[in-house]
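See structure below.
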Amino acid sequence: MTQRTGTTATTRRLAAVAAALMAATLVAGCDDEANPEAAPPPPDPKQELLAAVPGEQDPAFRFTTSDSSGDVSGVVDPANRGMDIDTVTKDKDFTLEMSFRMVESRTWMKVNFKGAKDIQKLMKLPTKWMELDPAKIEGPDSLPTYEGTDPGNADAIIRAATDVQAGEPGTYTGVVDLSAVPELADALAALGDADGQLPLSAVVGADGNLSSLTLEIPAAGKKKASEYVVEYFDFGTAPAVVAFTEEQAQSAPSAAYDMLND
């Protein structure tokens, strides 16, 4: 008698295959439990800080830098490759307020002298914005231009830091060894003759952006201990930095170049 393979046999065969697959799955599951995936490495605080430094992808924001010589403030607008800078210099006889606007390769300047004497008039300097001609500037460092999104050099300072540690959420500490990175001292006039290891502290805001960085500068000779502080804030709410129109600015007169080239 010929035996036929019917529904029952087919069912049993499928059940056997299913059982084999189930067994293989269970074995694989046991292996997974016995060999769990390696946990991801803990975050590197230094890399977290570097990632928080403003970049070209960020919206316009405000900044301030301060040290023993004074304060500098302004706005950085990465989208327009623009920057505003405001400085205040105080002398016993006057206060000089200087503002610069840089949009790509163009630079404007505005000067305001305050004091007992009308220095502005004596120097024949206009009170409105003046566009500067780079060809008439003698020193390359005399004319500020747009140089990126980190006017406080936070990136260079963090890269030079060692023993960077994360504290309370958003806070970091570290040490900057100037002897290992002498060019950093040259780049930051605030450091002066400082040497050795300088304590560093930084704060990253809830938006993931670096909000402040502080370097403790020790006393040296007659120079008192001080701080170099960088602050970045108002991301996305700071005004755009755009080129002035001909109605808003004039060409700089010779007196402006005399002041800059002095």
Side-chain angles (χ1 to χ4, degrees), residues 41-56 58 61-76 78 83-90 98 100 139-142 144-235:
D44 182 342
K46 184 171 180 176
Q47 293 305 314
E48 288 181 334
L49 264 184
L50 287 172
V53 176
E56 295 294 339
D58 284 305
F61 62 93
R62 298 183 188 276
F63 75 91
T64 63
T65 65
S66 62
D67 56 40
S68 57
S69 64
D71 301 339
V72 177
S73 61
V75 176
V76 178
M83 179 184 297
D84 280 342
I85 295 179
D86 299 312
T87 67
V88 178
T89 303
K90 293 185 178 181
M98 293 186 69
F100 292 90
D141 296 332
S142 299
T145 57
Y146 180 80
E147 295 181 350
T149 59
D150 184 21
N153 292 299
D155 184 90
I157 294 172
I158 296 168
R159 290 187 185 279
T162 58
D163 193 29
V164 178
Q165 303 289 331
E168 294 295 325
T171 64
Y172 299 82
T173 58
V175 175
V176 175
D177 187 351
L178 291 182
S179 64
V181 194
E183 60 269 22
L184 184 59
D186 295 336
L188 299 177
L191 301 183
D193 298 326
D195 56 11
Q197 296 186 332
L198 308 184
L200 162 74
S201 60
V203 177
V204 174
D207 58 1
N209 293 309
L210 178 69
S211 59
S212 70
L213 180 147
T214 303
L215 268 182
E216 302 289 342
I217 305 173
K222 295 182 179 180
K223 189 176 180 181
K224 297 180 180 180
S226 61
E227 293 182 338
Y228 174 69
V229 182
V230 179
E231 294 180 302
Y232 296 142
F233 54 101
D234 286 354
F235 285 83

### Message
Counting only heavy atoms from other residues, nucleotides and ligands, does the tally under 6.0 Å from CD of E56 exceed 12?
### Response
yes
#### Entry: Atom of G152, atom of T65 and distance for their closest heavy-atom approach
CA-CG2, 3.9 Å
#### Entry: Atom pair CG/CD of L200 and E216 - distance to nearest 0.5 Å
9.5 Å
### Query
Got P151 and V76 here, is their nearest side-chain heavy-atom distance under 4.5 Å?
yes
### Task
Compare all side-chain heavy atoms of L213 with those of I158 and state whether any distance is below 4.5 angstrom.
yes
### Query
Do T173 and Q165 get their side chains close enough for a donor-acceptor pair, meaning under 3.5 Å?
no
### Query
Quick one: are M83 and P144 in side-chain contact, heavy atoms under 4.5 Å?
no
### Query
Does T162 offer a backbone N or O that forms a donor-acceptor pair with the side chain of K46 under 3.5 Å?
no
### CA sep, side-chain torsions, deciding dist, call: D177, Q197, side-chain contact (heavy atoms from CB on, under 4.5 Å)
CA-CA 4 Å; D177 187 351; Q197 296 186 332; 4.2 Å; yes
### Query
Which atoms form the tightest heavy-atom contact between D84 and F63, and what is the distance?
O-CE2, 3.6 Å
#### Entry: Interatomic spacing from CG in N153 to CG in L215 - rounded to 0.5 Å
10.5 Å
### Task
Using side chain to side chain contact (heavy atoms under 4.5 Å, CB included) as the criterion, point out the one residue from S68, S66, P218 that pairs with S226.
S68
### Query
In Å and rounded to the nearest 0.5 Å, what is the OG1 to CD distance from T64 to E231?
4.0 Å
### Task
Provide the closest heavy-atom pair for I157 versus V176 in the form atom of the first, atom of the second, distance.
O-CG2, 3.8 Å
### Query
P78 and G55: which non-hydrogen atoms are nearest, and at how many Å?
CG-O, 3.9 Å
### Message
According to ring-ring contact (aromatic ring centres under 6.0 Å, His included), who are the partners of Y232, at least two apart in sequence or on a separate chain?
### Response
F61
### Query
Looking only at heavy atoms, which two atoms of L210 and A202 are closest? And how far apart?
CD1-CB, 4.1 Å
### Query
For F100, which residues count as a ring-ring contact (aromatic ring centres under 6.0 Å, His included) partner, sequence neighbours excluded?
none
## Note on the structure
Nearest heavy-atom approach of E227 to T214 is CD-CG2, 3.9 Å
#### Entry: T149 and D58, any side-chain heavy atoms less than 4.5 Å apart
no
### Message
Taking the side chain as everything from C-beta on, heavy atoms only, tell me whether V88 gets closer than 4.5 Å to D71.
### Response
no
### Contact check, side chains of F233 and N209, non-hydrogen atoms, under 4.5 Å
no
